[in-house]
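Each chain gets a letter, A, B and so on, in the order its sequence line appears, and its residues count up from 1.
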2 protein chains.
Amino acid sequence: MTEQPHLLTATSALHLLQIGALTVEAYVTALLSHIRTSEPTIKAWAHLNSDLVLSQARRLDQLPFSQRGPLFGLPIGIKDIIHTKHMPTSHSSPLFPSPPSTQDAPALLVLSNLSGLLLGKTATTEFAISTRGPPTTNPRNAAHTPGGSSSGSAAAVAAFHVPLAVGTQTGGSIIRPAAFTGVYGYKPTWGAVSLAGVSSVSPTCDTIGFFARSVADLELLATAYRIEDLEPVVETPLELKGARIVFCKTPVWEKAEKGTIDAFAKAKELLRARGAEVVDLELPAAFAEVGEWARTIHAGEGRASFLGYYLQDREKLDSVIREQVENVKGVSRAGLLAAYDGCAALRPVWDGIAGRFDAVVVPSVPGEAPEGLGYTGDASFCAIWTVLHAPALNVPGFVGEKGLPVGLTVVGGRCTDLRVLRAGKAIGEVFEADGGWKDRS
Amino acid sequence: MTEQPHLLTATSALHLLQIGALTVEAYVTALLSHIRTSEPTIKAWAHLNSDLVLSQARRLDQLPFSQRGPLFGLPIGIKDIIHTKHMPTSHSSPLFPSPPSTQDAPALLVLSNLSGLLLGKTATTEFAISTRGPPTTNPRNAAHTPGGSSSGSAAAVAAFHVPLAVGTQTGGSIIRPAAFTGVYGYKPTWGAVSLAGVSSVSPTCDTIGFFARSVADLELLATAYRIEDLEPVVETPLELKGARIVFCKTPVWEKAEKGTIDAFAKAKELLRARGAEVVDLELPAAFAEVGEWARTIHAGEGRASFLGYYLQDREKLDSVIREQVENVKGVSRAGLLAAYDGCAALRPVWDGIAGRFDAVVVPSVPGEAPEGLGYTGDASFCAIWTVLHAPALNVPGFVGEKGLPVGLTVVGGRCTDLRVLRAGKAIGEVFEADGGWKDRS
């Protein structure tokens, strides 16, 4: 052991666990010890039962080698809107008590049946739609939000509590907290992972995704979920020399702050220096409407998603949820259908555009994480790709004026997830090496 | 009381319950007594606890009049893939034990918070995707299937066990069993009712819907779920005289059997006799592909929906589920996207076509319910409208050669649910009066 176990990426830990150089019990013991030290500041966890974790670790250690799955012994944080059998699921809502569910959500059965270890439930904003923050702080600076709604999942990975965490994104709830906390965040193509047993916000946009500290770790999960591309992906790393990489400011570029503007410019420079052919892309005019369509779909679908809770006790719901049911935004059914059809028509258009390049780089967020924990930040740059059902990967590596991380997103056409990860791996190595962000944990 | 309570429609029962002429306890006592008599043959229920039902009825009876909601005291059957807090949810799967869930699914919170009574869980095919029948028999002839996957919900309403039941449709799982059992079945526009807490088959197609013995009963539920149309709907009944009613054989008409062919012809005749302007519609050629696209989407999305269960214990899954995960049909990601985009492009085309008429009538099913309980029937006529996200209503009233009911479907453009129900009410009165089907219960 050359490192403290909590600093290992999933891929590195997996290797040690598989060869028996590290037991699951020793691994989670190290993680729990580190968590005990930093959790009082980070507050990433909605539920974490050390005894349960240790007993599961010992059970995994007793598995014969032949029965150890491809995620053997990897501890995974689970966003607290995903139902778990052995842990409560609170949705960060005061509406209900939060006993354990009947069964793990199907998406979690994939992890546990491949010998992963569901370590605990990570803090979220209320029903993953409120932008009012949970108590979780940004591991890079506790005075700042880690972003939301997958606040705890991002913070737990950034703070070395776990190597992997599961989150969800309806607007920007994976990419944004990944960017704010300086980790990789991956939102697959819509539909790639089952959402059964997950609190629903907008069925058109809701997507399960993942946090990790390396792209290789995310590739482990993509394999676990049997995510496949339209076309087989070349297994060798993307060669940046000669690669066609397009930068797209998107129609909401006016929201970009200094951190993102600087990162965008520096990223181009770094990739050009590695021999990439860097070009700029302006999207066709119709894409300017996607952001508004996404807001219409969220509001329109939220009416149905939250009606039951609203009738149960509207006073216990965050105002953003109440306002969706009450249709404060005045979304008409005709407007909702127009948003559906507008997005649907642009999805193949976007796929075609993205397919012409080796990688597409876009902003992740306006800039560094806002100060304070009350507001988890703006999802404008992410929501476009969510509602277009496109795979997206936050790649960290840059730093803003306040010393907080800034990430950029590699995005692709639908069902080019592995291609996005492969491109993000090569690009991430450059950003991490020369982007200026230094992880000081 | 001029009738035995179990024969009441929801609307009639509600009136008596609201004025205090019938207590909820007396109502459910009558239902439970009738169920005890007929359930040994019908086998509609996966779970029904009389003590729980009676205690809930007494609790409702104690509600002050001012707190009685618009579904006060109405007993409702719940398909056993929808999570319930006080009753187990088995998904008709041998994979798990089936303890109660943490919470009622949000769609059920709507019912219970409007003072409805969740009576019990109704039998379904395995995870609502298998076409292998549960033991439920058709209340019109126990030698025949009631259809599936919402087998128990349809049978419970047809057998006068409950006035209302909740089901789901991914292909034809509401319309088909409604047609086979001779009741009204209503599948709303996709997205109208939350699917959280419901077992997922295909997120693009899955839709919660309802069974009842009158359209007025379904309108009660549409109001409860705050379903609204694109345009306000005229409150007066549809006047058939002069109404433009279009009959569409759909691209799968070759599947129609004598029962449906005869019903189709007779329906035209009956509506013409009432003064309706009856016309025939041939869909544009592109619609011929919708059925195949629906199958592609079911198979493609089933891979993710069932992966967790498959990894848990593939041997305990029905072969249709195993084959989805194993992608036996060889659905490519490119094929899936083509199916998504093809359907998405046709949705507004269909809305435009449907909007030109006062009502559109299509077949519900090939014909009468097949004999035997092993196979729940063909969804071809329904799957088109499901994947187009169109509201659909099975209207009973006809009878086939074997003496079993045959229904036809009134279908509309997206978000014209109330318009479809209004048309279905006027059309249903004609079919029920003169279509030839006589309910012999």
Point to revise | Sequence-distant partners of A:A105, side-chain contact (heavy atoms from CB on, under 4.5 Å), two or more places apart | key: A:I82, A:L108
Practice item. Not counting sequence neighbours, which residues clear side-chain contact (heavy atoms from CB on, under 4.5 Å) with B:P284? List them please. Key: B:F287, B:I353
Exercise for review: Name the option with the most non-hydrogen atom pairs under 4.5 Å to chain B; the candidates are A:P99, A:C343, A:P88, A:P203.
Suggested key: A:P99
Looking only at N and O atoms, which donor-acceptor pairs between chain A and chain B are within less than 3.5 angstrom?
unit_1 : atom_1 : unit_2 : atom_2 : d
A:P100 : O      : B:T102 : OG1    : 2.8
A:S101 : N      : B:T102 : OG1    : 3.3
A:S101 : OG     : B:T102 : OG1    : 3.3
A:T102 : OG1    : B:P100 : O      : 2.8
A:T102 : OG1    : B:S101 : N      : 3.3
A:T102 : OG1    : B:S101 : OG     : 3.3
A:N113 : ND2    : B:Q312 : OE1    : 2.7
A:R226 : O      : B:R333 : NH2    : 3.3
A:E228 : OE2    : B:R303 : NH2    : 3.3
A:R303 : NH2    : B:E228 : OE2    : 3.3
A:Q312 : OE1    : B:N113 : ND2    : 2.7
A:R333 : NH2    : B:R226 : O      : 3.3
A:D341 : OD1    : B:R414 : NH1    : 3.0
A:D341 : OD1    : B:R414 : NH2    : 3.2
A:D341 : OD2    : B:R414 : NH2    : 2.7
A:R414 : NH1    : B:D341 : OD1    : 3.0
A:R414 : NH2    : B:D341 : OD1    : 3.2
A:R414 : NH2    : B:D341 : OD2    : 2.7

Study note, to complete from the structure: On a heavy-atom basis, the closest approach of A:C415 and B:L337 is SG-CD2, 4.0 Å
Given a strict heavy-atom distance threshold of 4.5 Å, which part of [X] is in contact with chain A: side chain, backbone, both, or neither?
| X | answer |
| --- | --- |
| B:A192 | backbone |
| B:P100 | backbone |
| B:L336 | neither |

Check your understanding: Would you call B:L311 and A:L114 a side-chain contact if the rule is heavy atoms closer than 4.5 Å?
Key -> yes
Check your understanding: If you measure from CG on A:L195 to CG on B:L195, what distance do you get to the nearest 0.5 Å?
Key -> 11.0 Å
Study note, to complete from the structure: Highest number of heavy-atom pairs under 4.5 Å with chain A among B:P97, B:P106, B:A344 belongs to B:P106
